Novice: 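Below: one structure in structure tokens.
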Amino acid sequence: MNAPERTEAFILDEGELPVIVTEDPKVPNAATFKIMKQDHTLGNMVRAQLLSMPEVLFAGYKTPHPLLPYFIIRVQTDGSITPQTVLENACKKLIGSLSSLEAQFKREFSFHEVEMSGEPPEANTVNLDPYGGTGVSGGVKYLDL
């Protein structure tokens with residue numbers, strides 16, 4: 001097949017840099033970052049985090065081709081901070097947000113398990129009737145987060 005090996009999409013090759021920075025000589029306070037072994041998922045999250053920062057004038061990303069495991073993100077700042085520094089700060093804030101989300105999820109899920117452990121199993125299910133009816137017998141486990 002023409003598809004590359006699956007490991008090529010997420011494991012850095014020997015000597016391969018995870019980030020390649022290219023300063024833009026034509027636009028002041030702008031740089032282009034090539035993030036290796038990542039895709040749209042991370043690109044969109046980093047772009048959104050960058051745009052929420054007041055120092056950033058422009059942030060955009062693109063993935064040149066679906067089979068190429070990298071994305072390119074372009075950042076322009078107002079000059080009070082360098083593009084490299086603002087990208088580092090955005091990544092740190094994003095990691096903090098994701099850590100907080102993970103902690104909240106684990107906490108809520110543990111509360112749910114405690115609540116469900118004292119009830120009989122029949123009361124923990126909801127019947128998913130295709131005609132809109134609800135019942136408590138023989139259905140799918142209901143998870144309220």
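What you see is a predicted model, and the numbers here were worked out from it, not measured in a lab.
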Novice: With clusters defined by side-chain heavy atoms of hydrophobic residues (ILVMFWY) lying less than 4.5 Å apart, directly or transitively, does L67 cluster with I72?
Specialist: no
Novice: Where do V75 and V86 come nearest, in terms of heavy atoms and distance?
Specialist: CG1-CG1, 3.8 Å
Novice: Enumerate the residue pairs fulfilling ring pair (Phe, Tyr, Trp, His ring centres under 6.0 Å) with a member in residues 73-96, sequence neighbours excluded, ordered by first and then second residue.
Specialist: none
Novice: Check the hydrophobic clustering (I, L, V, M, F, W, Y; side-chain heavy atoms under 4.5 Å; chains of links allowed) and say if L42 and M53 are grouped together.
Specialist: yes
Novice: If you look only at distance, which donor and acceptor atoms sit under 3.5 Å apart when one is on a side chain in residues 20-36 and the other is two or more places apart or in another chain?
Specialist:
from	atom 1	to	atom 2	distance (Å)
E23	OE2	Q84	NE2	2.4
D24	OD1	K26	N	3.0
D24	OD2	R74	NH1	3.0
D24	OD2	R74	NH2	2.3
T32	OG1	R74	NH1	3.3

Novice: With a 4.5 Å heavy-atom cut-off, do I95 and S99 have their side chains touching?
Specialist: yes
Novice: Looking only at non-hydrogen atoms, find the nearest pair between R47 and N44 and report the distance.
Specialist: NH2-OD1, 2.7 Å
Novice: What pairs with S80 under side-chain contact (heavy atoms from CB on, under 4.5 Å), at least two apart in sequence or on another chain?
Specialist: E55, D78
Novice: With rounding to the nearest 0.5 Å, note down the distance linking NZ in K93 to CG in L50.
Specialist: 10.0 Å
Novice: F71, V19: one ILVMFWY side-chain cluster at the under-4.5 Å cut-off?
Specialist: yes
Novice: Got a second to check how far E102's CD is from S100's OG, nearest 0.5 Å?
Specialist: 10.0 Å
Novice: Side chains of D13 and K37: closer than 4.5 Å at any heavy-atom pair?
Specialist: yes
Novice: Quick one: list whatever passes side-chain contact (heavy atoms from CB on, under 4.5 Å) with K92, sequence neighbours left out.
Specialist: none
Novice: Once rounded to the nearest 0.5 Å, what's the spacing between atom CG of L98 and atom CZ of F105?
Specialist: 14.0 Å
Novice: Distance from I73 atom CD1 to T63 atom OG1, nearest 0.5 Å?
Specialist: 10.0 Å
Novice: I'd like to know whether K106 forms a side chain to side chain contact (heavy atoms under 4.5 Å, CB included) with S110, so could you lay out the CA-CA distance, the side-chain angles of the two residues, the decisive distance to 0.1 Å, and finally the verdict.
Specialist: CA-CA 6 Å; K106 286 180 177 179; S110 68; over 6 Å; no
Novice: Do any pairs count as a ring pair (Phe, Tyr, Trp, His ring centres under 6.0 Å) and have a residue in residues 42-69, sequence neighbours left out, and if so which ones?
Specialist: H40-Y61
Novice: Hydrophobic side-chain clustering at under 4.5 Å (ILVMFWY, transitive links): who's grouped with L57? Put none if nobody.
Specialist: none
Novice: Would you check if Q49 and V46 make a side-chain contact, meaning some heavy-atom pair closer than 4.5 Å?
Specialist: no
